[in-house]
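To start, the structure under review is shown below, and the notes come after it.
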Amino acid sequence: MNAPPARRPAPWGLILGAWTAYGLVQAAEMFINFQVRGGALAWWQPLLAQLPQSLIWALVTPSIIWLGRRFPIVDRRWPQHVAIHLAICLSFVFLQDVVYAYHLSNVIPSTAPRGVWALALQLFIVWALSDGLLYWMVLVVSYAVDNYRRFRERELAASQLETQLAQADLQALKMQLQPHFLYNALHTIGSLVRTGDRENAVRVVAGLGGLLRLVLDHAAQQEVP
């Protein structure tokens with residue numbers, strides 16, 4: 001089983017933006033339905049009815065993500081965890097419908113002629129499946145994001161390992177080339193001294209010293225112009 005990802009701060013801006021967009025779509029759908037059925041509804045009433053419900057989803061989204069990590073449905077105990085999520089999902093949807101029914105009965109009184117509890121039960125029966133799917137959608141999206149993060153972290157670790165291996169190979173090559181080059185340079189200087197070409201010998205010694213100083217100053221670099 002994969003190790004759980006490190007906890008990260010909830011992306012509240014993204015969460016609020018997504019659920020606000022969902023609330024606006026729901027408000028538009030409510031307004032259109034009332035207009036089609038000939039109901040009298042002001043434009044602000046669907047917004048006042050639906051946006052608080054979306055805000056509730058936004059507030060509980062981090063908790064759903066936490067529950068998904070606490071009871072993952074991708075390990076060997078997935079049947080028990082799925083049952084736990086189903087119980088939590090249905091409980092939350094029912095409580096949300098009760099709150100929504102009470103709120104809706106105050107915003108649009110004509111929607112609850114038989115009382116808040118009757119409206120809540122009706123909402124739960126009609127919308128339990130779709131609202132429950134929202135809960136599972138949050139779980140699936142959170143799992144997808146976590147898997148993508150793990151994939152990116154593995155890619156980054158592999159890239160860093162490749163870089164370290166390349167640097168190690170380059171350093172080993174340097175350790176092989178530098179003594180060989182230094183031996184050849186000293187041999188050349190000795191040959192110039194033996195032949196009496198002191199001017200070129202001094203020039204080669206000075207050049208070798210400058211080259212060694214350059215190598216030491218750029219020892220950690222892979223390319224030196």
Please check: side-chain N/O of Y135 versus main-chain N/O of I88, any donor-acceptor pairing under 3.5 Å? no
Test side chain to side chain contact (heavy atoms under 4.5 Å, CB included) on Q96 and V60 and set out the steps. CA-CA 11 Å; Q96 184 200 33; V60 301; over 6 Å; no
Less than 4.0 Å between a side-chain N and a carboxylate O, is that true for R150 and E153? no
If every non-hydrogen atom of T20 is compared with every non-hydrogen atom of L51, which pair is closest and at what distance? O-CD2, 4.1 Å
Rounded distance [0.5 Å steps], CG in L161 versus CD in Q164: 6.0 Å
Between S159 (side chain only) and E155 (backbone N and O only), is there a donor and an acceptor less than 3.5 Å apart? no
Atom CG of L90 and atom CG of L129: how far apart are they, to the nearest 0.5 Å? 10.0 Å
Heavy-atom pair of closest approach, residues D97 and F124: OD2-CA, 3.1 Å
When rounded to the nearest 0.5 angstrom, what is the spacing between CD in Q80 and CZ in F71? 11.5 Å
Can you get from W66 to M137 by hopping between Ile, Leu, Val, Met, Phe, Trp and Tyr side chains that sit under 4.5 Å apart? yes
For H81, side-chain hydrogen bond (donor to acceptor under 3.5 Å, both in side chains) partners two or more places apart: none
Taking V145 as the starting point, is it possible to reach L139 by hopping between hydrophobic residues whose side chains are less than 4.5 Å apart? yes
Testing the basics here: between Y22 and S54, what is the closest heavy-atom pair and its distance to 0.1 Å? CD2-OG, 3.8 Å
Would you say L134 and W19 make side-chain contact, with heavy atoms under 4.5 Å? yes
Supply the atom-to-atom distance R203 CZ to I189 CD1, rounded to the nearest 0.5 angstrom. 11.0 Å
d(Y143 OH, R69 CZ) to nearest 0.5 Å is 9.5 Å
Parallel, tilted or perpendicular: which describes the rings of Y148 and F151, with under 30° parallel and over 60° perpendicular? tilted
Stepwise side chain to side chain contact (heavy atoms under 4.5 Å, CB included) check, V138 with V141: CA-CA 5 Å; V138 173; V141 171; 5.9 Å; no
Got a second to check how far L16's CG is from T61's OG1, nearest 0.5 Å? 9.0 Å
Closest approach of W57 to I64 (non-hydrogen atoms, all atoms of both residues): CZ3-CD1, 4.0 Å
I want to check something: taking the side chain as every heavy atom from C-beta on, are I56 and F92 in contact at a cut-off of under 4.5 Å? yes
In terms of hydrophobic clustering (I, L, V, M, F, W, Y; side-chain heavy atoms under 4.5 Å; direct or indirect links), are V202 and V193 co-clustered? no
With clusters defined by side-chain heavy atoms of hydrophobic residues (ILVMFWY) lying less than 4.5 Å apart, directly or transitively, does V93 cluster with L133? no
Between G132 and C89, what is the shortest heavy-atom contact and its length? CA-SG, 3.5 Å
Counterpart residues, ring pair (Phe, Tyr, Trp, His ring centres under 6.0 Å), relative to W136 (two or more places apart): H85
Which heavy atom of I15 sits nearest to which heavy atom of A58, and what is that distance? CG2-O, 3.6 Å
If hydrophobic clusters are built by linking Ile, Leu, Val, Met, Phe, Trp and Tyr wherever their side-chain heavy atoms come under 4.5 Å apart, do L86 and W78 end up in the same one? yes
